[in-house]
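Scroll down for the structure; my scribbles are underneath it.
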Amino acid sequence: MFFAVLLFIILVLLVISMISVYLKTPMYLSGYSSSFTMQFNSQFVVLSLILIGICFFFYRYGKYWRKLLRVNLILSVLFFLAQIYFTAVLFSTAKKYNTKVSFSQGLKSQQAPVKPSETYSYLTIYGEEQHIDVFRPEKRSPVPAIPVILVHGGAFIEGNRTQVGYAANWFKDHGYTVFSIDYPLGKEDRHNWESAVNSVVTSMGFVVKNSKKFNVDPDKIVLVGGSAGAALVMQADLGLRQGFAKSYDSPQPPLPAGVIAIYPPVSLSELWQKIDEKKNIDLKYAARRYLGGSPSEFPQRYAQLNLIDQLSKGISPTFIIAGEIDHVVNVEATRTFVKKATELKLPVSYVEIPYGEHVFDANSNSIAGQIEWNKIGEFLKNNHLEN
């Protein structure tokens, strides 16, 4: 009896969570449910089969609470069908973007992040040293490697260079020399809307200045960022072109050879509006620390960071990937950005993951994670940025 009731509660919660993902509402429940489903989709398929087996066994051989046992069996089948549908959607997405994925790889655990080989201070600002970690490829080559600069997320006010996740592993394993940077974070009395992007540009200059030491090609810098970091790498590229992003004490670097932006907020003014409409998670506290206040208080600052209006002087080859139901950034603005870039015939490629929430790629082995990294590899190959 106790086990049957407990199983009923678990199944109800699982089924409700899946329904929430498909309905894309309510915001918090669908968001959390999507995050777990994206990361553990293959495991959830296996789990659903196990639950069906358990429920069928109890229904077949149980003598009491037959109605409850029948309900449990029905719920387990519904959960299984939901997982099969979700898996089919992801495989269909992989086919749409012409990339191969593996169900069995999704059963693997996430690889532990590699450790840096060196750490340097590349900038001192606000009395704080900003550091850069270096991850050198295992096989040293006489030919200069392509440098990749990783910029962490955290709403512009949190995080640090150690939050490299799977990115450092992937690029290092593929022969790139990886640099992961800190940048000044926003505070109540310190707004970093200029210093953050200028620090990214300064780190590029640092890599250029020390290119021989690191054995990298200074003309082929690839910028990679997620969330706030994605916004910053796009700001660095467009800002170098428009003149609002500058290096502090390192040489002004060349334009990046490629930009990889993972769920970037491309328009903070539109994001503020979405928050007012209760369609996005409230991150106004972060915006106030980053920019100083609201769009009505600082229209020029928001206008500069509305990246869709910064395309007049072109853009470096850029790959953008986003989740369809991202409640942290405004994916509608991302679609608009991509549409305008396409109309201007700029080198921007875009992948959108159905039912994907923010950080849908936390497990790189998941089907969604495989799609992301396969497409990143394809982007680099198409732009002659392979080692």
Sort and list the pairs that fulfil ring-ring contact (aromatic ring centres under 6.0 Å, His included) and have at least one residue in [range], not counting sequence neighbours.
{"range": "residues 281-300", "result": "F156-Y290"}
{"range": "residues 321-341", "result": "none"}
{"range": "residues 113-141", "result": "Y120-F214"}

**Request:** Apply the side-chain contact (heavy atoms from CB on, under 4.5 Å) test between I181 and each candidate in V200, L123, V207; give the one that qualifies.
**Result:**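 The single option meeting the side-chain contact (heavy atoms from CB on, under 4.5 Å) with I181 is V200.
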
**Item:** All pairs passing side chain to side chain donor-acceptor pair (under 3.5 Å) where residues 21-32 contributes a residue, at least two apart
**Value:** K24-E324

**Asked** Under the side chain to side chain donor-acceptor pair (under 3.5 Å) rule, what pairs show up with a residue in residues 249-265, not counting sequence neighbours?
**Response** Y263-D361

N/O donor to acceptor pairs below 3.5 angstrom from side-chain atoms of residues 164-173, sequence neighbours left out:
unit_1 : atom_1 : unit_2 : atom_2 : d
N169   : OD1    : V114   : N      : 3.2
N169   : ND2    : A112   : O      : 2.9
K172   : NZ     : E138   : OE2    : 2.4

**Asked** With a cut-off of 6.0 Å (strictly less than), are more than 12 heavy atoms of other residues, nucleotides or ligands near CD of E277?
**Response**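 Yes - once you tally the heavy atoms of other residues, nucleotides and ligands closer than 6.0 Å, there are more than 12.
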
So, does [X] use its side chain to make a donor-acceptor pair with the main chain of [Y] at under 3.5 Å?
{"X": "S269", "Y": "Y302", "value": "no"}
{"X": "D237", "Y": "V259", "value": "no"}
{"X": "D326", "Y": "V328", "value": "yes"}
{"X": "S117", "Y": "V134", "value": "yes"}
{"X": "S34", "Y": "G31", "value": "no"}
{"X": "T202", "Y": "Y248", "value": "yes"}
{"X": "T318", "Y": "S316", "value": "yes"}
{"X": "Q310", "Y": "Q304", "value": "yes"}
{"X": "Q43", "Y": "G106", "value": "yes"}
{"X": "S92", "Y": "A88", "value": "no"}

Can you pull the salt bridge (charged side-chain N to carboxylate O under 4.0 Å, His left out) pairs that have at least one residue in [range], sequence neighbours excluded?
{"range": "residues 91-119", "value": "E118-R136"}
{"range": "residues 285-302", "value": "E188-R289"}
{"range": "residues 120-134", "value": "E128-K187, E128-R190, D133-R161"}

Side-chain atoms of residues 338-345: list all donor-acceptor pairs with protein atoms under 3.5 Å, sequence neighbours left out, distances to 0.1 Å.
unit_1 : atom_1 : unit_2 : atom_2 : d
K340   : NZ     : I308   : O      : 3.2
T342   : OG1    : V338   : O      : 2.7

**Prompt:** Are any non-hydrogen side-chain atoms of L90 and N41 less than 4.5 angstrom apart?
**Reply:** yes

Donor-acceptor contacts, no H, no angles, side chain residues 146-154, under 3.5 Å, sequence neighbours left out:
none

**Request:** Walk me through it: do I321 and F360 pass the test side-chain contact (heavy atoms from CB on, under 4.5 Å)?
**Result:** CA-CA 10 Å; I321 185 167; F360 62 81; 3.8 Å; yes

**Partners meeting side chain to side chain contact (heavy atoms under 4.5 Å, CB included) with S366 (sequence neighbours left out)** =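 Side chain to side chain contact (heavy atoms under 4.5 Å, CB included) list for S366, sorted by chain: N363, A368.
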
